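Here the structure is a predicted model, which means the values were calculated and not measured. The analysis underlying the following values was restricted to heavy atoms, covering all of them including side chains, and did not include hydrogens, waters or symmetry mates.
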Amino acid sequence: MPASSHWFIDALMHVHVDGTDTGDAYALVECLAPAGHMPPPHVHRGEAEGFHVLEGELTVHGPQGATVLRPGDSLHAPAGEPHTIEVTSAAPCRMLIVSVPAGFERFVRAFGEPAATDTLPVLDGPPDVERLARIAGEHGITFVGPPGTRPAELAPAVA
């Protein structure tokens with residue numbers, strides 16, 4: 001399957017490897033996210049995620065605290081562990097996201113919209129949080145806190 005591009009909230013996602021290409025073993029998505037990008041803390045029930053930074057700076061927040069990733073750095077987020085990512089560079093961050101097994105790319109397609117250009121989306125307002133939470137739930141992802149919170153702040157509640 002050729003790569004597909006989607007505007008996903010405030011980010012541009014390129015699906016390079018789809019689960020249909022790997023028997024659902026894994027998926028590979030390239031993400032370009034603007035400074036300040038930070039989804040609500042969440043848990044993937046059945047998928048681990050790997051993050052590899054190509055450009056910019058990404059901070060991955062997990063139950064034990066924050067890990068800063070710069071170009072060439074990678075981090076593994078196990079399935080079932082609450083986490084969020086935050087673009088902490090002044091410029092956008094370009095990263096690779098590996099989902100094991102595949103599945104995250106289906107969430108990207110279900111919530112996102114086909115990208116009309118190879119640029120970050122121009123938002124006309126905040127995302128539809130109810131729709132986001134519903135579609136996330138359909139893909140095994142549960143939000144465990146509001147936007148702007150970090151899993152270390154929530155650890156007693158989600159443990």
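Once rounded to the nearest 0.5 Å, the distance linking CD of E30 with NE2 of H16 reads 4.0 Å. Annotation: the span from F8 atom CZ to E113 atom CD amounts to 12.0 Å, rounded to 0.5 Å.
Minimum interatomic distance between I9 and F111 (heavy atoms only, all atoms of both residues): CG1-CE2, 3.6 Å. Nearest heavy-atom pair, T59 versus A66, reported as atom, atom and distance to 0.1 Å: CG2-CB, 3.7 Å. In terms of heavy atoms, P151 sits closest to H61 at CG-O, 3.5 Å. Among all heavy-atom pairs drawn from D10 and P34, the shortest one is O-CD, 3.2 Å. The minimum heavy-atom distance between A35 and A90, with the atom names listed, is CB-O, 3.4 Å. Of all non-hydrogen atoms in A79 and G46, the two that sit nearest each other are CB-C, 4.0 Å.
Between the side chain of D18 and the backbone N or O of D21, no donor-acceptor pair lies under 3.5 Å. For W7 (side chain) and L123 (main-chain N/O), no donor-acceptor pair under 3.5 Å exists by modelled atom type. Between the side chain of E105 and the backbone N or O of G103 there is at least one donor-acceptor pair closer than 3.5 Å. Here the side chain of R45 pairs no donor or acceptor atom with the backbone of V43 at under 3.5 angstrom. Side-chain N or O atoms of T84 include none that pairs as donor or acceptor with a backbone N or O of R150 at under 3.5 Å. S89 places no side-chain N or O within 3.5 Å of a backbone atom of G56 that could act as its donor or acceptor partner.
Looking at P39 and I85, their side chains come closer than 4.5 Å, going by heavy atoms from C-beta outward. Inter-residue side-chain proximity for P92 and R94 is flagged as unmet; no heavy-atom pair is nearer than 4.5 Å. Between C93 and E55, the closest side-chain pair of non-hydrogen atoms is not below 4.5 Å. Side chains of P147 and P40 form a contact here, defined as non-hydrogen atoms less than 4.5 Å apart.
Side chains of H44 and E49: a donor on one and an acceptor on the other come within 3.5 Å. Defined by atom type and a distance below 3.5 Å, a donor-acceptor pair is missing between the side-chain atoms of E86 and H37.
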Walk me through it: do S4 and R109 pass the test side-chain hydrogen bond (donor to acceptor under 3.5 Å, both in side chains)?
-> CA-CA 9 Å; S4 60; R109 286 191 178 114; 3.0 Å; yes
(Q) Is there a side-chain contact (heavy atoms from CB on, under 4.5 Å) between L96 and L54? Walk through the geometry before answering. (A) CA-CA 7 Å; L96 298 175; L54 300 170; 3.9 Å; yes
Practice item. Evaluate the criterion side-chain contact (heavy atoms from CB on, under 4.5 Å) for residue pair V53 and R70; output intermediate values, then yes/no. Key: CA-CA 6 Å; V53 173; R70 294 182 179 88; 5.6 Å; no
### Stepwise side-chain hydrogen bond (donor to acceptor under 3.5 Å, both in side chains) check, H14 with S5
CA-CA 4 Å; H14 296 293; S5 299; 2.6 Å; yes
Fill in: Stepwise side-chain contact (heavy atoms from CB on, under 4.5 Å) test for D24 and R106
CA-CA 11 Å; D24 278 341; R106 291 188 281 273; 3.1 Å; yes
- What's the verdict on salt bridge (charged side-chain N to carboxylate O under 4.0 Å, His left out) for E138 and R134, showing C-alpha distance, side-chain angles and the deciding distance? CA-CA 6 Å; E138 292 168 359; R134 178 179 48 77; 3.4 Å; yes
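Qualifying side-chain contact (heavy atoms from CB on, under 4.5 Å) partners for V129, counting only residues two or more places apart in sequence or in other chains: none.
F143 is not connected to M38 by any chain of hydrophobic side-chain contacts under 4.5 Å among Ile, Leu, Val, Met, Phe, Trp and Tyr, and they are in different clusters. Note on F107 and L12: separate hydrophobic clusters, where clusters join Ile, Leu, Val, Met, Phe, Trp and Tyr whose side-chain heavy atoms are under 4.5 Å apart, directly or indirectly. Hydrophobic clustering (ILVMFWY, side-chain heavy atoms < 4.5 Å, transitive): L69 and I97 are in one cluster. In the hydrophobic cluster analysis, where Ile, Leu, Val, Met, Phe, Trp and Tyr join through side-chain heavy atoms closer than 4.5 angstrom, V15 is grouped apart from L32. Hydrophobic clustering places F104 together with I135 (ILVMFWY residues linked when any side-chain heavy atoms are closer than 4.5 Å, directly or through intermediates).
Aromatic ring centres of H42 and H83 lie closer together than 6.0 Å.
Dense packing is recorded around CZ of F51, with more than 12 heavy atoms of other residues, nucleotides or ligands lying under 6.0 Å away.
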